[in-house]
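Below is one structure; the comments refer to it alone.
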Amino acid sequence: MIVVDSNVLAYLYLPGERTVDAESLLEQDPEWAAPVLWRSEFRNILAGYVRRKTLTFEQACSLQSEAEDLLSGSELEVDSRAVLELVRDSDCSAYDCEFIALAIKLDTTLVTADKKVLRAFPNRTIALAAG
């Protein structure tokens, strides 16, 4: 099992230059987990696509549902103190630290393309491999 951030999910569901990388990751390790926060972040990403008229409302709803199905049973709460400790000890946002806190809780790694998170937590992150 790995923890993935919201951008990795976006790469998987929204065709682009990193889609192949996300698909490859899913093939290698199909057990993905994320903090519950991912839902709001992913909805916000979809909102941008809807506002730019790149996706219809119905397409956005369908993609949200597909992503929720993928993570069903693997969306977990994280301890606020753990998140705030990570914030204290890094320059990452509390949002990013939720994903790191979950990776620590599950004793696994976070897969991300976020360079700031990769630099701040090198022992707990893996870069999404470029295909």
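Every value quoted in this text rests on a predicted model; they were computed, and no experiment measured them.
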Take Trp32 and Val8, measure what side-chain contact (heavy atoms from CB on, under 4.5 Å) needs, and give me the verdict at the end. CA-CA 10 Å; Trp32 288 11; Val8 172; 3.9 Å; yes
Please say yes or no: joined through hydrophobic side-chain contacts below 4.5 Å, possibly via intermediate residues, are Phe42 and Val36 part of one cluster? no
Does the pair Leu14 and Thr54 meet the rule for a side-chain contact (heavy atoms from CB on, under 4.5 Å), with working shown? CA-CA 10 Å; Leu14 299 163; Thr54 310; over 6 Å; no
For Cys92 versus Lys116, what's the shortest heavy-atom pair and its separation? SG-O, 4.1 Å
Could you tell me the separation between the OH atom of Tyr11 and the CD atom of Glu23, rounded to the nearest 0.5 Å? 14.0 Å
What pair of heavy atoms forms the shortest contact from Lys105 to Glu77, and how long is it? NZ-O, 2.9 Å
Knowing that exactly one of Val83, Asp79, Leu86, Val87 qualifies, which makes a side chain to side chain contact (heavy atoms under 4.5 Å, CB included) with Glu98? Val83
Taking all non-hydrogen atoms of both residues into account, name the closest pair between Phe99 and Val3 and its distance. O-CG1, 3.7 Å
Indicate the atoms forming the closest heavy-atom contact of Ala60 with Val50, along with that distance. CB-CG2, 3.5 Å
In Å and rounded to the nearest 0.5 Å, what is the CG to OG distance from Asn44 to Ser40? 8.5 Å
Treating Arg18 as the side-chain partner and Leu128 as the backbone partner, does any N or O pair qualify as donor plus acceptor under 3.5 Å? yes
Inter-residue atom distance Leu71.CG - Trp38.CH2, 0.5 Å rounding: 5.0 Å
Interatomic spacing from CG in Asp107 to CZ in Arg124 - rounded to 0.5 Å: 5.5 Å
With clusters defined by side-chain heavy atoms of hydrophobic residues (ILVMFWY) lying less than 4.5 Å apart, directly or transitively, does Leu118 cluster with Ile104? no
Stepwise side-chain contact (heavy atoms from CB on, under 4.5 Å) test for Asp29 and Val111: CA-CA 11 Å; Asp29 191 337; Val111 179; over 6 Å; no
Check whether more than 12 heavy atoms from other residues, nucleotides or ligands sit under 6.0 Å from atom CZ of Arg52, and answer yes or no. yes
Looking at CD1 of Ile45 and OH of Tyr13, how far apart are the two atoms once the value is rounded to the nearest 0.5 Å? 13.0 Å
Show the nearest heavy-atom pair for residues Ala34 and Leu102, with the distance to one decimal. C-CD2, 3.2 Å
Nearest heavy-atom pair of Val78 and Pro35: which atoms, and what distance? CG1-CB, 4.4 Å
Rounded to the nearest 0.5 angstrom, the CG-CG distance for Asp5 and Leu37 is 10.5 Å
Give the C-alpha distance, both sets of side-chain angles, the deciding distance and a yes or no for side-chain contact (heavy atoms from CB on, under 4.5 Å) between Val4 and Leu25. CA-CA 10 Å; Val4 295; Leu25 177 65; 4.2 Å; yes
Is there a path of hydrophobic side-chain contacts, each under 4.5 Å between heavy atoms of I, L, V, M, F, W or Y residues, that connects Leu84 with Tyr95? no
